[in-house]
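Predicted, not measured: the structure shown is a model, and the values here were computed from it.
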Amino acid sequence: MSTLNKTHDGEEATRRDFLHIAAAGGAGVGAAIAVWPFVDQMNPAADTLALATVEVDISHIAEGEAIVIKWRGKPIFIRHRTAAEIEAARTVDMSVLVDKQADTDRVEKDDWLVVVGTCTHLGCVPLGSKSGDDRGDFGGWFCPCHGSHYDTSGRIRKGPAPKNLAVPEYAFMSDTTIKIG
């Protein structure tokens, strides 16, 4: 009997099995190499990753002043609140709030308020961060587009906006630096 007619019991069968396994493994590696560029292109771009977090020096912001920075394409309001603004935010009767949220749940440090500066009605940017801006009936921010008034804690108090100004994820890195994101 010749070696061409041997079954899987002999040496040729072992070599054949090895060739099948090696070919399948090579095909699998080749497929992974071919697919990788398509998977990798779904990762965020470097400029997007750079905006994932931002550190802000707040040492130059005097009490009662606010600044506006950009984070992920959105305006962020950072206000150094006065004792009167903190007191006004803390003494609000929760039953009059549209979106009930205590001031203590919205701040990490009493004298600093950090909120996303887009009106929750239609996404406008409210006034109130610059000197001389109309701050509305409650001393916070005012959206002139449709008349939404926010208080000194960024909570909606009057107008069509359904929710408070959002509080982004942030942390104090030191007494003079906030990391947003």
Side-chain angles (χ1 to χ4, degrees), residues 42-181:
M42 289 186 242
N43 287 326
D47 60 339
T48 303
L49 289 174
L51 294 175
T53 62
V54 64
E55 290 186 13
V56 182
D57 178 14
I58 57 173
S59 62
H60 66 280
I61 306 172
E63 192 174 277
E65 291 184 352
I67 64 167
V68 180
I69 62 146
K70 284 278 195 183
W71 173 67
R72 295 184 178 172
K74 299 175 192 170
I76 301 295
F77 297 157
I78 301 173
R79 181 176 285 175
H80 190 175
R81 301 190 303 175
T82 64
E85 289 175 330
I86 295 167
E87 182 64 23
R90 298 277 163 93
T91 58
V92 171
D93 179 13
M94 294 295 283
S95 67
V96 301
L97 296 176
V98 175
D99 185 7
K100 296 172 182 9
Q101 194 175 26
D103 180 65
T104 54
D105 296 335
R106 298 180 54 77
V107 296
E108 281 191 30
K109 291 186 177 183
D110 292 346
D111 51 341
W112 292 101
L113 178 69
V114 180
V115 292
V116 177
T118 54
C119 181
T120 58
H121 179 234
L122 291 176
C124 307
V125 178
L127 303 174
S129 293
K130 295 178 185 168
S131 179
D133 277 357
D134 184 356
R135 291 188 171 184
D137 294 349
F138 302 94
W141 289 270
F142 172 65
C143 186
C145 300
H146 298 100
S148 293
H149 296 253
Y150 297 91
D151 67 10
T152 57
S153 187
R155 298 174 297 199
I156 184 64
R157 299 290 301 277
K158 179 179 173 185
K163 296 202 170 276
N164 301 330
L165 295 177
V167 177
E169 181 181 330
Y170 73 96
F172 283 87
M173 305 302 287
S174 68
D175 287 340
T176 61
T177 306
I178 296 176
K179 181 179 179 181
I180 301 172

**OP:** With rounding to the nearest 0.5 Å, note down the distance linking CD1 in I78 to CD1 in I61.
**Re:** 5.5 Å

Original post:
Quick one: are V92 and R157 in side-chain contact, heavy atoms under 4.5 Å?
Top reply: yes

Original post:
Any side-chain heavy-atom pair from L165 and V116 closer than 4.5 angstrom?
Top reply: no

Subject >> R155 side-chain N/O to N164 backbone N/O, donor-acceptor pair under 3.5 Å >> reply: no

Original post:
What residues, two or more places apart in sequence or in another chain, satisfy side-chain hydrogen bond (donor to acceptor under 3.5 Å, both in side chains) together with K109?
Top reply: D175

Original post:
What is the minimum heavy-atom distance between I69 and V54, and which atoms define it?
Top reply: CD1-CG1, 3.9 Å

**OP:** Using side chain to side chain contact (heavy atoms under 4.5 Å, CB included) as the criterion, list what pairs up with E63, not counting sequence neighbours.
**Re:** H80, T82

Original post:
Would you call D99 and T120 a side-chain contact if the rule is heavy atoms closer than 4.5 Å?
Top reply: no

**OP:** List for me each residue that meets side chain to side chain contact (heavy atoms under 4.5 Å, CB included) alongside D105, sequence neighbours excluded, and say none if there are none.
**Re:** Q101, A102

Original post:
Is the closest side-chain heavy-atom distance between P168 and V114 below 4.5 Å?
Top reply: yes

**OP:** Apply side chain to side chain contact (heavy atoms under 4.5 Å, CB included) to A66 and list each qualifying residue two or more places apart in sequence or on a separate chain.
**Re:** R79, S129

Original post:
Once you round to the nearest 0.5 Å, how far does OG1 of T53 lie from CZ of R72?
Top reply: 8.5 Å

Subject >> Side-chain heavy atoms of V98 within contact of P162, under 4.5 Å >> reply: no

Subject >> Donor-acceptor under 3.5 Å (H60 side chain, D57 main chain) >> reply: yes

Original post:
V167 and V115: which non-hydrogen atoms are nearest, and at how many Å?
Top reply: CG2-CG1, 4.2 Å

Original post:
Quick one: OH on Y170 to CH2 on W71, what's the gap to the nearest 0.5 Å?
Top reply: 12.5 Å

Subject >> Heavy-atom closest contact (K163 atom, Y150 atom, distance) >> reply: O-CE2, 3.9 Å

Subject >> Heavy-atom side-chain contact between L113 and T152 under 4.5 Å >> reply: no

Original post:
In Å, rounded to the nearest 0.5 Å, how long is the span from OG1 of T177 to CD1 of I58?
Top reply: 7.0 Å

Original post:
So how far is it from I156 CD1 to W141 CH2, rounded to the nearest 0.5 Å?
Top reply: 12.0 Å

Original post:
What are the two closest non-hydrogen atoms of P126 and C119, and how far apart are they?
Top reply: CD-N, 3.8 Å

Subject >> Atom NZ of K100 with >12 non-hydrogen neighbours under 6.0 angstrom >> reply: yes

Original post:
Atom CG of D103 and atom CZ of R81: how far apart are they, to the nearest 0.5 Å?
Top reply: 4.0 Å

**OP:** Would you tell me whether S153 and D151 have side-chain atoms, one donor and one acceptor, within less than 3.5 Å of each other?
**Re:** no

**OP:** State which residues pass ring pair (Phe, Tyr, Trp, His ring centres under 6.0 Å) with F142; sequence neighbours excluded, sorted by chain then number.
**Re:** H149

Original post:
With sequence neighbours left out, which residue pairs that include part of residues 84-103 fulfil the ring pair (Phe, Tyr, Trp, His ring centres under 6.0 Å) condition?
Top reply: none

